[in-house]
Amino acid sequence: MTKLSDLGPPVKGRRHDADPGDERDCFHLCKVCGQPVDMRDLRQMMWHERPWHEWLKPEIVRDI
C-alpha cells in the first residue's frame, strides 16, 4: 500500500474563496475508491485523479 509520504513533501493548495466554516468541508470521498481526500493537499488530489489507484495509507503527523 502506498503511503502519503511516498508521494513527496506536502503541497498545500490555495483556496479561491473564503475558508470553510467546518473542517469537514475540506474533504470529499473519492469516486473511484471511496477514501476521504483532503482537498487542501494537492498530492492527495492528484493521486485520486488516477483512474486506477489504491488507498493511500494514512500517516500520523506530529508537530515537533
Who else is in W47's hydrophobic cluster (ILVMFWY, side-chain heavy atoms under 4.5 Å, direct or via others)? L4, L7, L56

Salt bridge (Lys or Arg N to Asp or Glu O under 4.0 Å) partners of residues 36-46, not counting sequence neighbours, each pair once: E23-R40, D38-R40, D41-R43

Can you sort out the partners of D6 under side chain to side chain donor-acceptor pair (under 3.5 Å), two or more places apart, ordered by chain and number? none

L42: which residues meet the side-chain contact (heavy atoms from CB on, under 4.5 Å) condition with it, sequence neighbours left out? V11

How close do C33 and C30 get, counting heavy atoms only, and between which atoms? N-SG, 3.5 Å

Could you identify which residues cluster with V37, counting Ile, Leu, Val, Met, Phe, Trp and Tyr as linked when any side-chain heavy atoms lie under 4.5 Å apart, either directly or through a chain of such contacts? M39, M45

Can you name the side chain to side chain donor-acceptor pair (under 3.5 Å) partners of H53, sequence neighbours left out? H48

Please name all residues satisfying side chain to side chain donor-acceptor pair (under 3.5 Å) with E49, sequence neighbours left out, ordered by chain then number. none

Can you name the residues that form a side chain to side chain donor-acceptor pair (under 3.5 Å) with D22, not counting sequence neighbours? R24

